[in-house]
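Some notes on the structure that comes next.
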Amino acid sequence: MFNKRIKIKELLLQLPGQHDVVVMGWVRTFRNTQFIALNDGSTNTNLQVVAELGRFDDDLLKRITTSAALKVTGELVASQGKGQTVELKASQIEILGDSDPEKYPLQPKKHSLEFLREIAHLRFRTNTFASIFRVRHALAFAIHRFFHDKGFLYMHTPIITASDAEGAGEMFRVTTLPFDQPPRTEDGAIDFSQDFFGKSTNLTVSGQLEGELAATAFGDIYTFGPTFRAENSNTTRHLAEFWMIEPEMAFHDLEDNMNLAESFMKSIIRFVMDNNMEDLVFLDQRLLEEEKQLPADKRSEFGLLDKLKMVVNNDFERITYTEAINILLESPAYKKKKFQYEVKWGIDMQSEHERYLVEKHFKKPVIVTNYPKDIKAFYMRQNDDGKTVAAMDILAPGIGEIVGGSQREERFDLLTQRMRDMHISEEELWWYLDTRRFGTVPHAGFGLGFERMVLFVTGMTNIRDVIAFPRAPKTADF
RNA sequence: UCCUCAGUAGCUCAGUUGGUUAGAGCAUCUGACUGUUAAUCAGAGGGUCACUGGUUCGAGUCCAGUCUGAGGAGCCA
């Protein structure tokens with residue numbers, strides 16, 4: 001029977017005097033053969049368990065080592081010590097699972113994030129990662145709540161797809177064909193008609209096209225699922241397997257889209273501030289400590305909490321691509337030739353340009369709209385100027401692009417023309433084009449990289465630290 | 001994939017111009033102490049200096065290649 005157990009987060013709120021309290025958790029430290037710091041993952045605040053001298057056998061005390069799992073029964077009493085108001089005076093201590101101190105790699109001290117990445121299966125037992133993953137959970141929950149409250153339908157779009165026309169990068173192939181001796185057609189090509197699905201298939205790079213199908217029946221839908229990109233990207237903000245949120249709304253234009261994206265981001269950040277303040281305070285302090293190591297000019301201008309408050313309480317800056325280029329052209333950075341890459345209308349902005357806009361010029365999230373059509377995807381709605389499309393990217397300080405979206409091209413002729421220009425097969429996407437054949441409507445949507453959002457809210461800087469078991473080039477452990 | 005930097009004890013790191021037996025703090029183990037807060041004090045054990053090859057009388061140190069990691073860039077969310 002484990003259900004008498006009370007979680008430490010809940011117990012710490014209670015008044016002293018209760019008897020027969022049962023807690024279970026893992027030992028963080030055991031000080032002075034008397035004081036056990038016990039953690040059960042419900043909060044970073046440890047419960048101090050007091051094993052009074054002489055009350056327990058030496059054999060038992062020796063087994064109370066870092067990360068051993070314990071069941072403790074006792075009385076909640078006011079603490080005589082300074083670090084806590086209440087503590088648990090143990091009457092019974094049971095070792096549920098031993099932890100060999102010679103082999104257990106975590107110590108009660110600061111570890112580097114690089115080292116913890118190598119032992120990702122144990123890093124949840126550190127305060128930093130416990131806070132990150134509680135915040136990650138809260139964000140995921142807040143996302144579902146936000147859309148549910150607005151009457152959106154949660155769609156599960158396929159993970160295996162036969163379409164390679166989504167145009168969002170390299171894909172992972174899915175096949176059951178033997179890779180050493182695949183069947184061949186007469187002209188020597190691999191014969192996918194003999195493969196499991198009877199055609200060439202891949203892991204999805206986006207659920208958007210399927211999302212549009214659902215949106216043109218339900219009105220408002222969203223997807224929230226895993227996404228796979230086989231790009232050889234070795235950066236702090238790319239993964240081969242990541243989670244993406246893709247809302248798609250019928251009867252929405254670009255402005256509706258921006259309004260939704262902005263209120264969405266603010267709403268989920270506010271939810272975390274309302275429900276996980278302890279974790280945010282911890283992460284705020286962690287960031288402050290970490291940045292003390294950096295030279296003054298490399299430090300963030302604001303602390304984590306200040307940054308989040310600012311985002312929630314202020315409107316995002318909204319500018320067009322053309323305005324963005326003009327700001328860059330008139331910037332001191334440009335005049336002093338600080339940019340490595342050329343700035344002129346028509347370029348795909350580089351990281352340094354986006355950084356300048358967000359971190360130097362506006363110092364808050366920026367929504368850039370109406371990009372040149374030549375640098376954007378085929379499905380984005382063409383503007384009347386003939387040069388730009390109704391796209392919008394939200395750029396966040398320290399992260400870069402966090403949201404990418406657009407109003408979709410709902411006009412059949414313009415869409416198919418664009419597909420021909422960009423050599424995208426109309427035959428293969430016949431089902432997608434059907435939405436434009438039968439009751440087409442203005443609609444819009446966006447994609448938000450979930451891990452990038454978690455980075456932003458936790459103040460972490462490497463995306464591999466905000467997903468439990470990161471998949472990236474040469475990395476698929478655990 | 002490209003550029004830069006790094007790889008020395010379980011962890012974090014020092015190691016001089018190439019020169020005898022490679023060091024420190026923390027962790028671990030042993031003992032002491034006991035209202036501690038990453039407890040403290042004393043002692044002990046712990047190393048294929050990433051790997052392969054080369055230069056040299058002699059390589060942790062110099063050179064080449066490989067692997068791994070970090071930061072930046074590209075691709076993007």
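So that the names make sense, note that chain A is the first sequence line, chain B the second, and so on, each numbered from 1.
Using a 4.0 Å heavy-atom cutoff across all strands shown, A/Q80 reaches at least one base atom of the nucleic acid. In this structure, A/E87 reaches the bases: a heavy-atom distance under 4.0 Å links it to at least one base atom across the strands shown. Contact annotation for A/K82: base contact, defined as any heavy-atom pair under 4.0 Å involving a base atom. Among the protein residues, A/L53 comes within range of the sugar-phosphate backbone only, with heavy atoms under 4.0 Å from sugar or phosphate atoms but none that close to a base. Base contact: A/F242 has a heavy atom under 4.0 Å from a base atom.
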Listed pairs under 3.5 Å, donor-acceptor, residues 7-16 of chain A side chains, sequence neighbours left out:
residue, atom, partner, partner atom, Å
A/Q14, OE1, A/Q18, NE2, 2.6

Give the table of side-chain donor-acceptor pairs shorter than 3.5 Å for residues 105-112 of chain A, with sequence neighbours excluded, one pair per line with atom names and distance.
residue, atom, partner, partner atom, Å
A/H111, NE2, A/Q107, N, 3.0
A/S112, OG, A/F115, N, 3.1

Cut-off 3.5 Å, no hydrogens considered: what does the side-chain donor-acceptor table look like for residues 56-65 of chain A, sequence neighbours left out?
residue, atom, partner, partner atom, Å
A/R63, NE, A/D98, OD1, 2.8
A/R63, NH2, A/D98, OD2, 2.9
A/T65, OG1, A/S99, O, 2.6

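In RNA chain B, the stems built from three or more successive Watson-Crick or G-U pairs (distances below 3.5 Å) are B:1-7 with B:67-73, B:10-13 with B:23-26, B:28-32 with B:40-44, B:50-54 with B:62-66.
Here, B/G43 and B/A27 have their P atoms 15 Å apart, quoted to the whole Å.
Side-chain atoms of A/R28 come within 3.5 Å of backbone atoms of A/R125 as a donor-acceptor pair (strictly under, hydrogens ignored).
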Give me the distances for all protein-to-nucleotides 41-48 of chain B N/O pairs that come in under 3.5 Å?
none

Close N/O contacts between protein and nucleotides 25-27 of chain B (under 3.5 Å):
residue, atom, partner, partner atom, Å
B/G25, N2, A/K109, NZ, 3.4
B/A27, O4', A/Q107, OE1, 3.3

Protein-nucleotides 71-73 of chain B N/O pairs under 3.5 Å:
residue, atom, partner, partner atom, Å
B/G71, OP1, A/N462, ND2, 3.4
B/G71, OP2, A/N462, ND2, 3.3
B/G72, OP2, A/T236, OG1, 3.4
B/A73, OP1, A/R355, NH1, 3.4
B/A73, O2', A/Y341, OH, 3.2
B/A73, N6, A/N234, O, 3.4

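For the pair A/E262 and A/R318, the salt-bridge criterion is met [side-chain N within less than 4.0 Å of a carboxylate O]. Looking at A/K373 and A/D421, no side-chain N of the basic residue comes within less than 4.0 Å of a carboxylate O on the acidic one, giving no salt bridge.
Residue side chain A/H238 reaches the base of B/C76 through a donor-acceptor N/O pair under 3.5 Å, judged by distance alone.
Across all their heavy atoms, A/M349 and A/E354 have their closest contact at O-OE2, 4.0 Å.
Note on residues 111-121 of chain A: pairs passing salt bridge (Lys or Arg N to Asp or Glu O under 4.0 Å), not counting sequence neighbours, are A/R117-A/D465. Residue pairs meeting the ring-ring contact (aromatic ring centres under 6.0 Å, His included) criterion with at least one member in residues 458-478 of chain A, sequence neighbours excluded: A/H121-A/F478, A/F124-A/F469, A/F469-A/F478. Here side-chain hydrogen bond (donor to acceptor under 3.5 Å, both in side chains) pairs that include residues 343-353 of chain A, with residues two or more places apart or in two chains, are A/T322-A/W345.
RNA chain B is contacted by both A/E52 and A/S112; A/S112 maps to the nucleotide lying nearer its 5′ end (nearest heavy atom per residue).
For A/T73, the side chain to side chain donor-acceptor pair (under 3.5 Å) criterion is met by no residue, not counting sequence neighbours. Evaluation of the side chain to side chain donor-acceptor pair (under 3.5 Å) rule for A/N234 yields A/N232 as partners, not counting sequence neighbours.
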Working note: A/N44 + A/R134, criterion side-chain hydrogen bond (donor to acceptor under 3.5 Å, both in side chains); need CA distance, chi angles, decisive distance, verdict.
CA-CA 10 Å; A/N44 278 350; A/R134 279 190 297 262; 2.8 Å; yes
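For B/A39, one of the phosphate oxygens OP1 or OP2 lies less than 4.0 angstrom from a side-chain nitrogen or oxygen of A/R31.
Counting only heavy atoms from C-beta on, A/E102 has its side chain closest to B/C29 among B/C11, B/U36, B/C29.
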